[in-house]
Amino acid sequence: MATQTPERGRRRRGRSADAAPSVSRDVNYRQLKSPFPLMEVFPADQIADMHETALRMLQELGIKVLLPEARRIFVKGGARVDEDSEMVFIGRDMVEAAVAAAPKSIACRAGARCRDFTLELGSLVFQPGAGAPNATDLERGRRPATGQDYLDFLKLTHHFDVFQMISPQVEPQDVPTHLRHYFTTQAQMELTDKFPFFFSRGTPQVMDCFEMLSTARGLSDEEFRGTARCYTIINTNSPRTLDIPMAQGLVDFARYGQMSIITPFTLMGAMAPITVAGAITLSHAEVLAALTLTQLTNPGAPTCYGTFTSNVDMKSGAPAFGTPSHFQASLAAGQLARHLGLPWRSAAGSASNMNDVQAANENQFGLWGCLMAGATVIIHSAGWLEGGLTVSFEKLICDAEVLNMVAELCAGAQAGTAEIGFDTALREVAPSGHFFATSQTMERYNTAFYEPHVHDYANFGTWAERGSLDASSRATGVWKDILANFQAPAQNEERLGTLQEFIVRRTEEGGAPPES
């Protein structure tokens, strides 16, 4: 299965060598700009009130910070800290200074220059579903995720250009936790040249990952620190708690000039107020506290605003996604991110237990909430099931189809003389005629429309003759074909050899436990 790339020649089928050259279209799946109009859920004065309430929350109610080093950084910056309760009270002047220091545009340098992108309001970046303990597909069923599952999902992420960032799709549970970061980092350095992800699971693991990345990419310390080369996800413990590994991750990544995406996971009616406004206000306050820590550590450290807010099912207490409240929460978060001027992360996702119509509906409704909200980074945009407990091979393929279509929309439509086609189409066809053979059609038929990788546009008879396969069944064939024909991008073999030597040595030394 060909990668969906801007080079439309890769999509041509059955074209003869002497056929007229087709017209290429300037479609870029790698550095997307959102074409969608922004939608607001609250008026501007209410957004301002939510921001003010968040500032008041941090100053009067405070946030619990479990990492002593982080509390010392807050004290040095002027915050009031109660060591007995581990509560940190942050004045609005500190927060405002941090927002002013945080970059509004973040240049993200990948392994290949064609993979670089910039995070800022108006740009659009997709990641597949992340962090699941389980994997599933139609042939092997649901299972604890393995190292092979991690490698396979990594290859699929690399294959589709519409995924610009690597995410930790699944946890390889057959790899010990004190060695897992070696496995996942080595895989990212060998199998892809996209922007990599590292977990924040204690300073020893983070430092290992930074060194492995620098080794594989041939970076000096100055080059590594000079621009964002990798990222991590920081989840606060709502309500109003920043635990030890997450606080340590903020400090470590900021200190080395690497990007943190701060993401409170606030479920309305559970870890947050039951209203959209209350939940997003709490989430906003937690982001501001974490953002302040990064800028106190290293002013100008790349930091991405984030939120993942939806509601729970009040009958079972289980998370629900792709709901109207999820959609509204994304819109509100977008308004607050624009209020600060910061690039920001939102999320799609599904609570369905299988790749069915519920999964498709929830993911697409959540996705459009992100798009209408102007999200810069959309995570869990493909493959995510069970509220994050599972990533599905078939669902990733099906969701990538939708993301490719969104990417096509980012190119916009043209209406010049050539597109209107008065002389090359309209003049050539008499009343009641057809346009199949016009000059315009013959010139463009190979490139005019998006070519799907899993959708089937055949009529019923042809579809039945082919085996009457539904979308999930066809998706199985797609991912298997991608993996069978996968070719990793060219890498520097000498550097990879040095990386392997580092991993062997650190493994013999006992690895690095996930401790701060």
Side-chain angles (χ1 to χ4, degrees), residues 106 108-111 115-117 119 125 127-132 145 147 150-151 153-154 157-158 163-172 175-219 221 223-235 243-263 290 294 297-298 301-304 306 345 377 379 495-496 499-500 502-503 506-507 511-516:
I106 303 172
C108 297
R109 183 63 64 91
R115 303 289 191 184
D116 295 345
F117 56 88
L119 296 184
V125 172
Q127 299 178 33
Y150 178 88
L151 297 176
F153 278 124
L154 182 60
T157 301
H158 178 80
F163 299 128
Q164 297 86 2
M165 302 171 76
I166 299 300
S167 74
Q169 286 105 321
V170 292
E171 286 273 6
V175 182
T177 55
H178 68 293
L179 303 177
R180 192 174 294 170
H181 63 298
Y182 301 131
F183 176 84
T184 56
T185 302
Q186 181 178 10
Q188 291 181 83
M189 296 302 102
E190 291 180 347
L191 297 177
T192 183
D193 52 10
K194 294 187 177 183
F195 195 67
F197 168 88
F198 300 143
F199 275 116
S200 293
R201 288 176 173 161
T203 300
Q205 289 201 3
V206 169
M207 294 302 107
D208 275 349
C209 292
F210 287 173
E211 184 164 351
M212 287 187 283
L213 173 59
S214 296
T215 298
R217 300 274 165 85
L219 304 173
D221 184 64
E223 289 172 326
F224 178 74
R225 291 174 181 254
T227 189
R229 305 274 180 175
C230 59
Y231 78 105
T232 193
I233 298 288
I234 299 295
N235 297 121
D243 67 18
I244 289 176
M246 294 294 94
Q248 188 68 65
L250 289 168
V251 172
D252 289 340
F253 272 72
R255 190 167 280 154
Y256 282 80
Q258 301 309 304
M259 184 170 65
S260 296
I261 300 181
I262 304 168
T263 310
T294 67
T297 300
N298 180 14
T303 311
C304 187
R345 173 262 202 214
V377 179
I379 197 171
R495 293 172 187 164
L496 291 181
L499 170 63
Q500 179 61 32
F502 173 86
I503 293 173
R506 290 292 291 124
T507 299
E515 298 173 355
S516 298

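For the single chain, residues carry numbers from 1 onward in sequence order.
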How far apart are the closest heavy atoms of [X] and [Y], and which atoms are they?
X	Y	result
Met165	Ile261	CE-CD1, 4.3 Å
Ile379	Ala130	CD1-CB, 4.1 Å
Cys230	Phe253	SG-CE2, 4.1 Å

Residue list, side chain to side chain contact (heavy atoms under 4.5 Å, CB included) with Ala132, at least two apart or on another chain: Val170, Val391
Contacts of type side chain to side chain contact (heavy atoms under 4.5 Å, CB included), residue Arg225, not counting sequence neighbours: Asp221, Tyr256
From [atom1] ([X]) to [atom2] ([Y]), nearest 0.5 Å:
X	Y	atom1	atom2	result
Gln258	Cys209	CD	SG	11.5 Å
Ile106	Met259	CD1	CE	5.5 Å
Ile234	Thr263	CD1	OG1	8.5 Å
Arg229	Phe224	CZ	CZ	8.5 Å
Leu250	Thr294	CG	OG1	6.5 Å
Lys194	Asp116	NZ	CG	13.0 Å

Side-chain ([X]) to main-chain ([Y]) donor-acceptor, under 3.5 angstrom:
X	Y	result
Gln127	Ser167	no
Arg180	Pro172	yes
Arg495	Thr215	no
Thr303	Ala301	yes

Test item: [X] and [Y] side chains (from C-beta on) under 4.5 Å apart, heavy atoms:
X	Y	result
Phe198	Thr185	yes
Thr157	Thr192	no
Gln186	Gln500	yes
Pro513	Thr177	no

Trace of the side chain to side chain contact (heavy atoms under 4.5 Å, CB included) decision for Gln188 with Ile166: CA-CA 8 Å; Gln188 291 181 83; Ile166 299 300; 3.4 Å; yes
Phe197 and its ring-ring contact (aromatic ring centres under 6.0 Å, His included) partner, picked from Tyr150, Tyr231, Phe163: Tyr231
Qualifying residue, where the test is salt bridge (Lys or Arg N to Asp or Glu O under 4.0 Å) with Asp193 and the options are Arg217, Arg109, Arg115: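 Between Asp193 and the candidates, salt bridge (Lys or Arg N to Asp or Glu O under 4.0 Å) is satisfied uniquely by Arg115.
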Where at least one partner belongs to residues 199-209, residue pairs that pass side chain to side chain donor-acceptor pair (under 3.5 Å), sequence neighbours excluded: Glu171-Arg201, His181-Asp208, Tyr182-Asp208, Ser200-Thr232, Thr203-Gln248, Thr203-Asp252, Asp208-Arg506
